[in-house]
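Reading through the structure tokens given below for one structure.
We use all heavy atoms of the structure for the numbers below, so side chains are in, but hydrogens, waters and symmetry mates are not.
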Amino acid sequence: MTCSTASSSASSTALTTPSPSPADVFRHSLRLLLDKDVDGWVGLWDDDGVMEFPFAPEGWPRRLEGRAAVLDYMRDYPDHIDLREIPDLTIHRTDDPATVVVEMRAVGRLVASGAPYDMTYIAVVTVTDGRFTHYRDYWNPLAVPQDGTADFAGSAR
């Protein structure tokens, strides 16, 4: 009977372990991007997760539906952008405990040209059960150098 209780207690503990907070998942995702672990980053996505880019220029995707689409979009990211640091990061909680608003700055270089990469982002991110379910990325396409080397994100141009 003691074994049964211990087993039941262990199962109960495992079932009640809380999922990581949206802020924790987001911070972990940045570490994966800095480590150039795209597979790990995409592994944080729900199978049906949606990524949106409201300010994407013509010819760039505005909406990705599902983990596979996110992988296709991000697969070659390290071949185009050598992300080196996130010097500024602020994560704001919202009234919805699953959603955070993120302000951040990413710094690195464009791989093909060696030009500096310095982008400020605002993202609205929803995490359910430790997975990204919705990620709205407000990046500024005007800040990407127009030297033809950064056209990596599934652009039809």
Side-chain angles (χ1 to χ4, degrees), residues 18-157:
S19 293
S21 73
D24 290 340
V25 172
F26 193 85
R27 283 186 192 93
H28 179 62
S29 77
L30 293 179
R31 176 78 282 165
L32 292 169
L33 286 176
L34 287 167
D35 290 344
K36 294 157 184 49
D37 184 356
V38 172
D39 289 334
W41 189 83
V42 173
L44 294 175
W45 280 80
D46 183 81
D47 288 340
D48 299 318
V50 172
M51 188 170 202
E52 295 180 299
F53 307 96
F55 297 146
E58 187 174 329
W60 290 60
R62 290 187 181 268
R63 182 178 174 94
L64 306 171
E65 295 185 22
R67 183 186 296 162
V70 173
L71 175 59
D72 285 345
Y73 178 83
M74 291 293 293
R75 180 183 328 263
D76 298 326
Y77 184 86
D79 296 334
H80 300 281
I81 296 177
D82 177 16
L83 192 60
R84 295 189 175 172
E85 66 177 312
I86 308 293
D88 303 314
L89 175 65
T90 303
I91 299 175
H92 304 275
R93 293 184 186 140
T94 69
D95 289 341
D96 177 352
T99 301
V100 292
V101 175
V102 178
E103 297 177 82
M104 69 178 200
R105 183 171 151 238
V107 176
R109 67 179 183 84
L110 297 177
V111 173
S113 67
Y117 179 83
D118 192 337
M119 180 71 72
T120 301
Y121 298 86
I122 293 178
V124 179
V125 180
T126 302
V127 174
T128 304
D129 296 328
R131 302 264 183 235
F132 292 127
T133 54
H134 197 229
Y135 190 123
R136 197 171 311 116
D137 192 356
Y138 293 92
W139 63 281
N140 179 3
L142 299 176
V144 177
Q146 300 302 310
D147 61 4
T149 63
D151 199 20
F152 66 91
S155 172
R157 296 196 273 164

### Query
To the nearest 0.5 Å, what is the distance between CZ (Arg109) and CD1 (Ile81)?
11.5 Å
### Query
Counting N and O atoms only, with roles assigned by atom type, does the side chain of Arg131 sit under 3.5 Å from a partner on the main chain of Gly43, one being a donor and the other an acceptor?
yes
#### Entry: Under 3.5 Å donor-acceptor, Lys36 side chain and Asp79 backbone
no
Can you find a pair of side-chain heavy atoms, one from [X] and one from [Y], that are under 4.5 Å apart?
{"X": "Val50", "Y": "His134", "value": "yes"}
{"X": "Asp137", "Y": "Tyr121", "value": "yes"}
{"X": "Val38", "Y": "Pro78", "value": "yes"}
{"X": "Val107", "Y": "Arg84", "value": "no"}
{"X": "Asp39", "Y": "Leu32", "value": "no"}
{"X": "Thr128", "Y": "Asp46", "value": "no"}
{"X": "Phe132", "Y": "Val25", "value": "yes"}
{"X": "Val102", "Y": "Thr90", "value": "no"}

For [X], give me all partners under side-chain hydrogen bond (donor to acceptor under 3.5 Å, both in side chains), at least two apart in sequence or on another chain.
{"X": "Glu85", "answer": "none"}
{"X": "Thr99", "answer": "Asp96, Thr126"}
{"X": "Asp88", "answer": "Arg105"}

Using distance only, find each side-chain donor-acceptor pair of residues 62-69 under 3.5 Å and give its atom names and separation, not counting sequence neighbours.
residue : atom : partner : partner atom : Å
Arg62   : NH1  : Pro54   : O            : 3.1
Arg62   : NH1  : Ala56   : O            : 3.3
Arg62   : NH2  : Ala56   : O            : 2.8
Arg63   : NE   : Glu65   : OE2          : 2.8
Arg63   : NH1  : Glu52   : OE2          : 2.9
Arg67   : NE   : Trp45   : O            : 2.8
Arg67   : NH1  : Asp47   : OD1          : 3.2
Arg67   : NH2  : Trp45   : O            : 2.4
Arg67   : NH2  : Asp47   : OD1          : 3.3

### Task
List the steps and the verdict of side chain to side chain contact (heavy atoms under 4.5 Å, CB included) for His80 and Val111.
CA-CA 5 Å; His80 300 281; Val111 173; 5.7 Å; no
### Message
Check the orientation of Trp60 and Trp139. Use parallel for under 30°, tilted for 30 to 60°, and perpendicular for over 60°.
### Response
tilted
Please report the closest heavy-atom contact between [X] and [Y], naming both atoms and the distance.
{"X": "Val100", "Y": "Ala23", "answer": "CG1-N, 4.2 Å"}
{"X": "Pro97", "Y": "Pro22", "answer": "O-CG, 3.4 Å"}
{"X": "Pro61", "Y": "Phe53", "answer": "O-CD1, 3.4 Å"}

### Task
Could I get the full list of salt bridge (charged side-chain N to carboxylate O under 4.0 Å, His left out) partners for Asp37, not counting sequence neighbours?
none
### Task
Sequence neighbours left out, what passes salt bridge (charged side-chain N to carboxylate O under 4.0 Å, His left out) with Asp24? Give chain and number order.
Arg27
